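All figures in this text were calculated on a predicted structure; none of them were measured in a lab. Sequence lines set the chain letters: A, B, ... in the order given, protein chains first and strands last, and positions in each chain run from 1. Values reported hereafter were calculated over all heavy atoms of this structure, with side chains retained and with hydrogens, waters and symmetry mates removed.
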Amino acid sequence: MLAAIGAKTEEDLIAYLPADVRFDKRLAIEDGKSEYDIVDYFKQRSTENAIGYASFLGAGVYNHYRPVVVDTVVSRGEFLTSYTPYQAEISQGTLTSIFEFQTMVCQLTGMEVANASMYDGSSAVPEAAMMAVRVTRRDKILIARTVHPEYREVLATYTKHQGIPVEELAYGKNGRLDLDDLKKKLDSSVAAIILQSPNFFGILEQVPEISHIVQSKGALLVVVFTEAVALGLIEPPRDADIVVGELQSFAISPSYGGPYAGIIATREKYIRQIPGRLVGETTDAQGRRAFCLTLATREQHIRREKATSNICTNQALLALMATVFMTLYGKEGLRELAEQNLAKAHYLADKLPLQFDAPFFNEFVAGTNGKSPQAINSALLEKKIVGGLELGRFYPELKNCTLWCATEMNKRQDMDMVAEAFGK
Amino acid sequence: MLAAIGAKTEEDLIAYLPADVRFDKRLAIEDGKSEYDIVDYFKQRSTENAIGYASFLGAGVYNHYRPVVVDTVVSRGEFLTSYTPYQAEISQGTLTSIFEFQTMVCQLTGMEVANASMYDGSSAVPEAAMMAVRVTRRDKILIARTVHPEYREVLATYTKHQGIPVEELAYGKNGRLDLDDLKKKLDSSVAAIILQSPNFFGILEQVPEISHIVQSKGALLVVVFTEAVALGLIEPPRDADIVVGELQSFAISPSYGGPYAGIIATREKYIRQIPGRLVGETTDAQGRRAFCLTLATREQHIRREKATSNICTNQALLALMATVFMTLYGKEGLRELAEQNLAKAHYLADKLPLQFDAPFFNEFVAGTNGKSPQAINSALLEKKIVGGLELGRFYPELKNCTLWCATEMNKRQDMDMVAEAFGK
Amino acid sequence: MIEKVSRHIVQEEPLLFELSSPGKRGYQLPELDVPAVDAKAVVGSENVRNEIEDFPEVSEFETVRHFTRLSTWNYAIDLGLYPLGSCTMKYNPRVNELVARTEGLAWAHPYQPDSLSQGCLETIYALERALAEITGMDAVTLQPAAGAHGEFTGILMMRALLEKRGNPRKKILVPDSAHGTNPATAMMVGYSVENIKSNERGMVDVDVLSRVMTEDVAGLMITNPNTVGVFEENIRKICGILHDKGGLIYMDGANMNALVGIARPGDFGVDVMHLNLHKTFSTPHGGGGPGSGAVAVAKVLTPFLPGPRLNREGDAWHWNYDLPDSIGRVRAYYGNFGVLVRALAYIMAHGGNGLRQATLDAVLNANYLRVLLEPYYEIAYKAPSMHEAVFSDDRQAKKGVRTGDIAKRLIDYGFHPYTVSFPLIVRGALMIEPTETESKRELDLFVDAMISIAQEIDESPELVVNAPHSTRTLRVDEVTAARKPIVRWTPKTAASQAAD
Amino acid sequence: MIEKVSRHIVQEEPLLFELSSPGKRGYQLPELDVPAVDAKAVVGSENVRNEIEDFPEVSEFETVRHFTRLSTWNYAIDLGLYPLGSCTMKYNPRVNELVARTEGLAWAHPYQPDSLSQGCLETIYALERALAEITGMDAVTLQPAAGAHGEFTGILMMRALLEKRGNPRKKILVPDSAHGTNPATAMMVGYSVENIKSNERGMVDVDVLSRVMTEDVAGLMITNPNTVGVFEENIRKICGILHDKGGLIYMDGANMNALVGIARPGDFGVDVMHLNLHKTFSTPHGGGGPGSGAVAVAKVLTPFLPGPRLNREGDAWHWNYDLPDSIGRVRAYYGNFGVLVRALAYIMAHGGNGLRQATLDAVLNANYLRVLLEPYYEIAYKAPSMHEAVFSDDRQAKKGVRTGDIAKRLIDYGFHPYTVSFPLIVRGALMIEPTETESKRELDLFVDAMISIAQEIDESPELVVNAPHSTRTLRVDEVTAARKPIVRWTPKTAASQAAD
Ligand SMILES: Cc1ncc(COP(=O)(O)O)c(C=O)c1O
Ligand SMILES: Cc1ncc(COP(=O)(O)O)c(C=O)c1O
């Protein structure tokens, strides 16, 4: 090959690079390792983590069983090692599955259109805010303090330099958005109010009521979800204008925080304001049904500085995992799964001091009956149980409270041990 | 569907079965379990076994690293869930890979033709014996005591009722076949002598010399191997008439004894006496190269009671694993792998009391220097090391001896611990 | 109009040997942590080979691509209906693949101490019990590697028992509808084979049987339901005839998918039988194997089971090698353990009721196909079908189209063919077994295809005789392949290839 | 004559919703070990939904078949060359998939105590160090989810630094050859975009740059090697121009596959850059993601990195949230950890020398293609190519054939097309990046195909304009798709479908 190019060595090919940019040292990275050594290295890392612990952590990342078939599907090279389906004629597999994904997201959320995925739930929130600003031509965003704290941090980062002021809305003593605070702050400069349901405390917000208040003022209602399993049983936010959320619960392993799959769904009329990729139905030269990426004129590679977002690569493979998961559980299975989560969480909640009394799904906030959260959790760690999230780090006023999640994966005897630890 | 058949219930479909054959009770088998429970059940079984032990067991089953790609290939549904490739037009994937397998087996063993696989190495031995009887029209079989003891048991089981007398050949004090005993027993009634190299003690037999002796008497030489990795470095039994062996070493996990992949290879002139399936090259209706199962007239489904064997289903998927393994290592890699095994085994052997002094590959027999094998092994078990195989169970005269195997997977510090246990 | 499949590009790929280039390799070894040794010095130069001539030299990536490309030339159960009669091509649950790879099971060495193998032993025990319950037999051995191997094991045990009784006898009776492995097996156990003709209903003819049943007969190998998919209605009487004359009954259990949960061979008089775990119990065929031919026996035969056998001592399992009457080993170690794990997982997922339901669904699917196809194809026997339906190509043969042609045409319609020309007692047999895991949708498409082919045979038979037309590889010349067999690649063949 | 591919049957498959039948499901839940609750009672009936309308109802087997069939309609790197310029479609090592699934890593919860997360933290640290070494930068954040996300993070940090210095400034300069994410990103950080024209060699015009560089300019987003595959020979001077006027340099590192081990942005003056781990570091694209857009920064920018950051306390890692100058989070948790594991495994497998060798091989492969294709296609710029070669369709356009047509025709030849019509500064661009993992054999076949297409364009252009001809799906009507968008299935669409 070198001969064909008229070069003697590969070094010749880069000889022309200016000497003052060449890196002539050796990279300080150890020599290549064998596959065996690499597998061994990560096995060791793995054992430095929690293994064999029962966990009651949720807070945006949930421990659900992943059916084996999900891995079977995403391990197929045809899905795993293909690029974004720009060449529709040889990408119908991916395009068809994304079309199915978009459809199922609509069916779940009660929205009319959904995109092909966002990075994750947290980054989908500012995208929704920016979209609302474009739609309403207003600039202010109100966000409930019951939205995942890290999601709120991400919103702050994104909006800082885009002239989008953000204000937070308080929660009441039942753990729900404080409607009075909402009414107080809702004025004609507000583009959208952002709400999470089930909220960070696991509590169901009053979406219909809130949507009336919000929409009557010409603002959009954005509803966020972090626990997709709830959608199998809980009434979806049909009255919202935009729904964003996280599908990690659908067969995506917690993987220490990512990769996950965010979604954004909305009403048909806003389709041209939606960020990210969309797959649409069309026909091929023979008139047979086919799918392709569509409405690219919203996107950065065509619209550049006028694009709806700068997002390019999304989370396609994770969206496929969620698609397979939704397919396997299906209409009945997803409901039954949600019912099991509801039952487990309420079994546990009945044994712990509840901080709030509004209805919740599979997470809830426990108050204290004397013992500190730290004391309870370290006692549980002894028993190889990771207890609830200590809320002080996000809500100073709840420093004695912990956030507990129970899913179909949590065993009764572990829940009973938690109750003991609370000394109840 | 019932309607189409004119039945009301599925029960109607079997109503005609004679009452005295119907099973009207419920099977005493627990109700169906969830995938989660099944995975959990086998995880528990798994933890009841040795996990995290270093092992020096060989004796026909070897602990070699399995490259990840092997699993990638055999997990593809197109290979995993297809049947025997009787319909060549939609089975070229399997047929082509078997053709490659047959070729590589020939390249490794120095034989001219090989079949598509046998159940395992042990059952390939009697198949070779029966083949030799057909070829030579003689009936007696001589088998060296240095052949894997369980392989010899299998030969006994197969030959018992086929009028094939079997005699064993002693080994000398260097652990090799005793040539005098061979000459003494080798007469004109002998169809074949069966030899293993590297033999059960890990020692290389003198195949060329023996083949002269055997073939000069008109008998066939059958050479068995259990450690395929040796073929990367050690001269293959080119002078043999039939080679049978076990490919477990090639990416097939020990899996408590199976499934593995046996092979049988021989000279072109005996091709019509070979048992089992063969893939051959041919062309399709367009004259393009194609492959198909061939010489079926040897097989039971055509020949019935006159078949060369009753074998039908073989070990195709395991043969594919071995094929991928051989492809990945290739010409250089397989040699290097064998050299590492040689080095490891000799490092260990240098520290232990050797029972025999003939050259060996990656297994050897250790004698005792006072301590009993049981004492040494139980001391090692404390250190999470599974020691060598105690030979007393197969060779009473070697009750103080153990068979040790070291592969690329054995770590130096473990070998040093073994040396300590021997108190050397 | 064929709508189930279309045509698409598929990658071509040379053989590994044609792909190789010197020095390439797909794998790197860990660093050697002990001193390297000079092979010639330690084993003698006469024992060290030269390089393995023409052995592959390709990269890891080329390896992945090579086998991925090859795989795309295959049909598989994951792609569509695979109605091979007698093969029970049902869905292979993927969780079974996962559990079979559980580290402590997949990496257990057969010689590791029993005390460190309790998980394997418990697994083997659990499967033995489940299969004994399903077959209604006393004990089960999991050692045989496949059905034929199980037949061999079973007939050996029969012979051992008869010898113990004083006379091994001379013959094994085999119905002419039997699978080829049956007679081939009998020979390997030193018996001669007497074929017995089936009656007009496709069943064993009881009168013929009584006539041929003598003191010379060691036993009968019967398949039930038999290879025409029909339940041997006289099975009890048949067993009686054998037993009265001191003979034994071997049942080929390849068709057990039709009986699980609704009839138990042990209850109706069978003495010994095998199960194909790679059929009835869903373990994948893998392009031809591995399988497992578990053998179940009645009480009289238990002393003769191959060894070792499991023993419970205290609260632990042990292997017992002290079996004076055992026929000995039929293979090294304990069986295809990895296959056993999959079969047990299948049984656990279904449970007793689920297994029975699967049987009913299998029978339903087969009869659904039978009813819809009977107007177009000649059913071989009027007797009711169980899990499979066997037709003859009589009607189509009149037009010069044989079962093998119809099979090839099915490929164009997107299906794997049924089993062709077996059993031999049916002229031009079409042996169709859908299994319970197929949906009505897939079955209906199959029926449409078969009907459409029947019409093509009337209108344009050549279309069928020259099928398939839409595959990468057209009809393959099997005759030439057998006339001058080329069973391995050599630089020479390659050259001549290039020459063409 | 096309020999690389042939045509074969491929299964058709309806949408899940068309496949569904009531009551079917692919999964069974474990038995509930606590009392069931009445949903309406515990959350209120107004909060309980009715059934999810039209949601799929299929069996596990139908699920496996559905997605297996769909997958056969895809092209993939595992099937052949995927020469998408700017996308670095290299082999995705399978061991990386295995290690990313290691239980303790894949099932680690982001909020589990640091003391129980040391394996994750060590992994993150090891990758941060390796990437800092490779880029010659001071520190690295692994939080961004993809390249564009990394750009956003980087520009935010630039702005934070400039604000700290007293003036965030107004503009970001972007060469007209830049990827669309660059200008789109600048806007999201509140900057206006000024595009700067490339010179006749495809590089940033230093004179133009000096002219537009003012105190209003926050910085320059430069891609190096740039999107025409050319190394910006004046990069040091360019950095100087920016720095002299108090501006900063952002480097889009999407093309880092051309530099690893041979040049380090940190050494030649870049202040901040992103890496696409899903390009340079081999993590699979998965049909469009996930990715990871690690961002590396020079010392001046480290205070502004998104939080949390790793801290070593004693012999353990901890997350530090006390970062007064940080730009804050760009996403929840710590990044696409599963992707990070794969990237680290890739780096470990190569080692320092292996990484450099990969770069040289990538450059070799690109130049090999360039040299062999130049006689037939117009190279966009004479300047030497690094990892990719960009041509223009000028010659072919004269015959009325555009780059998009040539791309579709490549499909018939068994290849995925190159990147079409990007960068925009090249008329009808053909942007070709083979990567280092391709064999000479595959490259030669690609060259043959491109030459053959060039000839077809002379002889029978319509053949090319109407391509592809051999795929299951022929050329797709993207215009109609966008005119009346249908982005979800509904019973209605299905009906109208059937109507057609
Ligand atoms: C009726 C019957 N008997 C026996 C066998 C042989 O079983 P195996 O192929 O597992 O050896 C088969 C398999 O095709 C069969 O269909
Ligand atoms: C030059 C260049 N910059 C930026 C990007 C955006 O990276 P990502 O798709 O990971 O967001 C790409 C990806 O195509 C690219 O090629």
Side-chain angles (χ1 to χ4, degrees), chain B residues 10 21 23 27 29 31-32 42 45-46 48-51 57 73 76-78 81-84 88-90 92-94 103 119 122 150 153 157 161 235 253 255-259 280-282 284-285 290 294 300-301 304-305 307 310 312-317 328 330-331 333 343 347 359 412, chain C residues 25-27 33-34 37 43 49 55 57 67 70-71 73-78 99 102 104 106 108-110 116 118-120 145-146 148 180 183-185 190 193 264 268 285-291 328-329 332-334 336-338 351-352 354 360 471 473-476 481 485-486 488-489:
Chain B
E10 287 181 323
V21 304
F23 174 70
L27 286 172
I29 293 175
D31 287 348
F42 286 104
R45 298 291 78 68
S46 165
E48 295 163 1
N49 285 346
I51 293 189
L57 289 172
V73 171
R76 285 189 60 84
E78 292 88 336
T81 72
S82 56
Y83 196 69
T84 306
E89 296 81 3
I90 45 174
Q92 287 296 305
T94 296
T103 302
Y119 297 139
S122 70
E150 294 196 5
E153 289 179 45
T157 307
H161 307 298
E235 178 66 7
S253 63
S255 197
Y256 204 58
E281 181 181 328
T282 181
D284 75 355
T294 191
Q300 45 72 28
H301 62 280
R304 303 182 70 86
E305 56 266 43
N310 72 337
C312 180
T313 291
N314 58 19
Q315 304 283 119
L317 198 70
L328 284 169
K331 190 185 276 187
Y347 176 85
R412 182 182 193 142
Chain C
R25 45 190 288 203
Y27 186 65
D33 65 355
V34 299
V37 295
V43 301
R49 81 181 297 162
F55 212 60
E57 297 181 273
F67 291 102
L70 261 53
S71 75
W73 306 340
N74 269 8
Y75 188 91
I77 187 87
D78 280 0
V99 295
T102 312
H109 190 290
L116 293 178
Q118 291 298 304
C120 292
T185 298
V193 171
R264 307 198 309 171
F268 55 69
H285 278 262
R329 296 185 157 280
Y333 319 118
Y334 325 105
N336 282 346
F337 180 77
L360 293 174
T471 44
T473 299
L474 300 186
R475 203 178 289 202
V476 162
I486 305 171
R488 66 173 287 191
W489 178 90

Trainee: So for V21(B), is it side chain, backbone, both, or neither that comes closer than 4.5 Å to the heavy atoms of chain C?
Mentor: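 For V21(B), the contact with chain C is made by backbone and side chain together.
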Trainee: Do you know which of R25(C), H109(C), H285(C) has the most heavy-atom pairs with chain B at a distance under 4.5 angstrom?
Mentor: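 Heavy-atom pair counts peak at H109(C).
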Trainee: For the residue pair Q315(B) and N336(C), what are the closest heavy atoms and their distance?
Mentor: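 Taking Q315(B) first and N336(C) second, the nearest heavy atoms are OE1-ND2, 3.5 Å.
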Trainee: Contact part of Y83(B) toward chain C, heavy-atom cut-off under 4.5 Å: side chain, backbone, both or neither?
Mentor: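 Interface part for Y83(B): both.
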Trainee: Could you tell me which portion of S71(C) (side chain, backbone, both or neither) has an atom closer than 4.5 angstrom to a non-hydrogen atom of chain B?
Mentor: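 Contact with chain B involves both backbone and side-chain atoms of S71(C).
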Trainee: So which of A184(C), G287(C), P485(C) has the largest heavy-atom pair count under 4.5 angstrom toward chain B?
Mentor: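 When all of A184(C), G287(C), P485(C) are compared, G287(C) has the most.
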Trainee: Output the option from S82(B), S122(B), P359(B) having the highest count of non-hydrogen pairs under 4.5 Å with chain C.
Mentor: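 Top count of heavy-atom pairs under 4.5 Å with chain C: S82(B).
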Trainee: Do you know which of E48(B), R304(B), R412(B) has the most heavy-atom pairs with chain C at a distance under 4.5 angstrom?
Mentor: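 The candidate making the most pairs under 4.5 Å is R304(B).
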Trainee: Output yes when a side-chain donor or acceptor of T473(C) lies under 3.5 Å from a complementary backbone atom of A290(B), and no otherwise.
Mentor: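 No; judged by distance alone, with no hydrogens or angles, the pair does not exist.
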Trainee: Can you say whether T294(B) sits under 4.5 Å from chain C via the side chain, the backbone, both, or neither, judging by heavy atoms?
Mentor: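 Side chain only.
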Trainee: Relative to chain C, which of H161(B), Q92(B), R76(B) shows the most heavy atom pairs under 4.5 Å?
Mentor: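 Ranked by heavy-atom pairs under 4.5 Å with chain C, first place is H161(B).
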Trainee: Can you name the nearest heavy-atom pair linking A316(B) to G286(C), along with the distance?
Mentor: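 Smallest interatomic distance, heavy atoms only, reads CB-O, 3.4 Å.
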Trainee: Flag the one option from T84(B), V73(B), I90(B) with the top tally of heavy-atom pairs under 4.5 Å to chain C.
Mentor: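 The answer is I90(B).
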Trainee: Considering only heavy atoms and a distance below 4.5 Å, find which of V193(C), V99(C), T102(C) pairs most often with chain B.
Mentor: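 The option with the most such pairs is V99(C).
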Trainee: Can you tell which part of F55(C) gets under 4.5 Å to a heavy atom of chain B, answering side chain, backbone, both or neither?
Mentor: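 Both backbone and side chain.
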Trainee: Of all the heavy-atom pairs spanning T313(B) and Y119(B), show the shortest one and how long it is.
Mentor: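 Closest pair (atom of T313(B), atom of Y119(B), distance): O-CE2, 3.2 Å.
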Trainee: Taking side chain as C-beta onward, heavy atoms only, is H301(B) less than 4.5 Å from C312(B)?
Mentor: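 No, side chains not in contact.
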Trainee: At a heavy-atom distance under 4.5 Å, which candidate from A145(C), G354(C), A332(C) has the highest pair count against chain B?
Mentor: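 Top count of heavy-atom pairs under 4.5 Å with chain B: A332(C).
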Trainee: Which one of G291(C), A481(C), A146(C) has the most heavy-atom pairs closer than 4.5 Å to chain B?
Mentor: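 Of the candidates given, the most pairs with chain B belong to A481(C).
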Trainee: At a heavy-atom separation under 4.5 Å, does L57(B) approach chain C through its side chain, its backbone, both, or neither?
Mentor: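 Contact with chain C: backbone and side chain both.
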Trainee: With no hydrogens and no angle check, just 3.5 Å: does a side-chain donor-acceptor pair link N310(B) and T185(C)?
Mentor: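 Checked: N310(B)/T185(C) side chains pair up, N/O donor to acceptor below 3.5 Å.
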Trainee: For the residue pair G77(B) and D78(C), what are the closest heavy atoms and their distance?
Mentor: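 Heavy atoms of G77(B) and D78(C) come nearest at CA-OD2, 3.4 Å.
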Trainee: Report which part of E57(C) has an atom under 4.5 Å of a heavy atom belonging to chain B: side chain, backbone, both, or neither.
Mentor: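 Side chain of E57(C) only, per the 4.5 Å heavy-atom cut-off to chain B.
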Trainee: In Å, rounded to the nearest 0.5 Å, how long is the span from CD of Q118(C) to CG of N49(B)?
Mentor: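 Reported to 0.5 Å precision, the distance equals 8.5 Å.
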Trainee: Which residue out of S255(B), A343(B), G330(B) racks up the most heavy-atom pairs below 4.5 Å with chain C?
Mentor: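 Ranked by heavy-atom pairs under 4.5 Å with chain C, first place is S255(B).
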Trainee: Taking every non-hydrogen pair under 4.5 Å, which of E153(B), E89(B), E78(B), R45(B) racks up the most with chain C?
Mentor: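 Winner by heavy-atom pair count: E89(B).
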Trainee: Return the minimal non-hydrogen interatomic distance between T94(B) and N74(C), and the atom names on each side.
Mentor: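 Nearest heavy atoms, T94(B) then N74(C): OG1-ND2, 2.7 Å.
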